[in-house]
Amino acid sequence: MADIQAKIDDLRSQAEAAIAGASSVEALEELRVRYLGRKAELTQILRGIGELAPEERGPVGQAANAARQALEALLERRRSELEADQLERGLAAEAIDVTLPGSPAVPVGSPNLLIRTQREIEDIFCGLGYRVMEGPEVELDYYNFTALNHPPGHPARMAQDTFYVDPATLDPELRLVPAPTLPGEVVDGDPLPPGPEDVVLRTHTSPMQVRAMEAQEPPIFIVVPGRCYRSDPFDATHSPIFHQVEGLAVSETITLADLKGTLDEFARAMFGPERRSRFRPGFFPFTEPSVEVDVSCFRCGGTGELPDGSRDSICKGTGWIEILGSGMVDPNVFGFVKANGYDPDAIQGFAFGMGIDRIAMLKYGVTDLRKFFENDVRVLGQFR
Ligand code: PHE
């Protein structure tokens with residue numbers, strides 16, 4: 001009997017060592033068969049217990065069963081260790097670096113030149129302390145015209161005739177509008193839902209001047225990029241959809257000189273350090289005085305002539321390129337937002353509006369506006 005006990009102990013320690021050293025689930029399975037399978041020695045011992053002397057059966061049975069249970073537990077523990085290991089190694093091996101280029105490499109897209117130009121403009125003004133705001137493209141006549149000092153029937157409305165939108169098709173939220181037609185006018189009673197002539201696709205980004213001032217007290221320094229609409233033809237230099245960046249700076253001390261300095265800085269940042277800007281008298285109903293702003297031509301340097309003596313076609317030989325309209329905010333406009341902290345007698349500011357499409361065409365030498373909208377990858381791919 002001592003022999004059998006020793007055999008059991010021996011088998012048990014052999015098996016324990018083998019299990020601890022097993023390096024895979026498959027190797028573990030082999031060990032299970034070898035030490036606990038039908039033909040294993042321990043199994044044979046357990047089976048043979050009945051043939052032992054009666055006083056040996058108890059102690060041998062106990063020892064053999066204890067060994068069996070201990071080995072089963074050990075196998076189980078080692079199996080979970082190995083499985084966890086295997087999983088981890090598998091995951092590590094299959095790990096994908098999502099930052100690597102694809103195979104085959106997928107061509108990377110590029111922003112449309114208009115977006116890129118818009119971001120350049122935003123960057124320049126952010127550097128000057130402005131914030132970027134956006135506003136609705138489907139706009140109320142009130143913001144697009146009336147509060148910008150185009151009273152109903154004003155001829156300047158005709159210059160920007162646009163697309164009217166049936167208000168019934170709009171989100172009901174948009175429909176509750178008080179619509180005073182004079183600065184400071186108080187509208188009695190419940191606001192009426194807008195009628196068929198009260199909603200337009202905005203003809204410029206200027207309506208955001210008024211919305212921004214309603215939303216924020218002075219001082220205010222913002223630029224507003226966005227899409228605009230006018231009933232224009234679609235050809236090399238016109239499009240019924242175009243893009244503007246509006247600028248608005250209001251405080252108690254802003255003057256026309258600040259406008260000049262700001263636009264000079266913009267012209268240099270956008271078109272090169274040698275650029276200058278010049279003001280010409282202009283007219284906009286919502287600025288007084290109003291100016292048209294030109295920058296000195298970045299191709300001929302302002303001479304109007306190319307090195308070979310020919311006329312520069314970009315500036316048409318004038319040495320100047322018109323890039324935007326601007327002026328000092330008309331006190332009548334402040335009148336519409338007086339209740340929001342913009343007292344026309346105490347506050348002043350400037351506003352400007354530039355066409356992104358035009359600036360992108362000038363800066364990148366694009367001769368046909370339609371190229372911006374066609375999304376031809378041969379065009380897009382040139383500007384990364
Ligand atoms: N909104 C004007 C336009 O579209 C441009 C402008 C903006 C002029 C701000 C003056 C001040 O033509």
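Counting convention: from 1, in listed order, for ligands and their atoms alike.
Every atom of ligand 1 with a heavy atom of Arg230 under 4.0 Å away is listed here by number and element: 3 (C), 4 (O), 12 (O). Of all the atoms in ligand 1, the ones that sit under 4.0 Å from a non-hydrogen atom of Ala351 are 9 (C), 11 (C). Per-residue contacts place Phe284 under 4.0 angstrom from the following atoms of ligand 1 (heavy atoms of the residue considered): 8 (C), 10 (C), 12 (O). Every atom of ligand 1 with a heavy atom of Ser326 under 4.0 Å away is listed here by number and element: 8 (C), 10 (C), 11 (C). For ligand 1, the atoms sitting less than 4.0 Å from at least one non-hydrogen atom of Phe352 are 7 (C), 9 (C), 11 (C), numbered in the order shown with element in parentheses. Heavy-atom contacts of Gln244 reach the following atoms of ligand 1: 3 (C), 4 (O) (cutoff under 4.0 Å).
In this structure, Arg79 contributes its side chain and Leu28 its backbone to no donor-acceptor pair below 3.5 Å. Looking at Glu139, its side chain never comes within 3.5 Å of a backbone N or O of Tyr142 through a donor-acceptor pair. Panel note: side chain Asn149, backbone Pro285; a donor-acceptor pair is recorded below 3.5 Å.
By the 3.5 Å distance cut-off applied to N or O atoms, Gln209 is not counted among the residues near ligand 1. Considering backbone and side-chain N/O atoms, Thr287 never comes within less than 3.5 Å of an N/O atom of ligand 1. In terms of polar-atom proximity, defined here as any N/O pair under 3.5 Å, Ser206 does make such a contact with ligand 1.
As a member of the Ile/Leu/Val/Met/Phe/Trp/Tyr network built from side-chain separations under 4.5 Å, Trp320 groups with nothing else and remains a singleton.
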Practice item. Take Phe163 and Tyr229 through the test ring-ring contact (aromatic ring centres under 6.0 Å, His included) and record every step on the way to the result. Key: CA-CA 7 Å; Phe163 303 100; Tyr229 304 82; 7.0 Å; no
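Of the N and O atoms on the side chains of Arg230 and Thr203, not one donor lies less than 3.5 Å from an acceptor on the other residue.
Contacts of Gln14 classified as side chain to side chain contact (heavy atoms under 4.5 Å, CB included), with partners at least two apart in sequence or in another chain: Asp10, Tyr35.
Using a 4.0 Å cutoff on heavy atoms, Phe286 counts as a contact of ligand 1.
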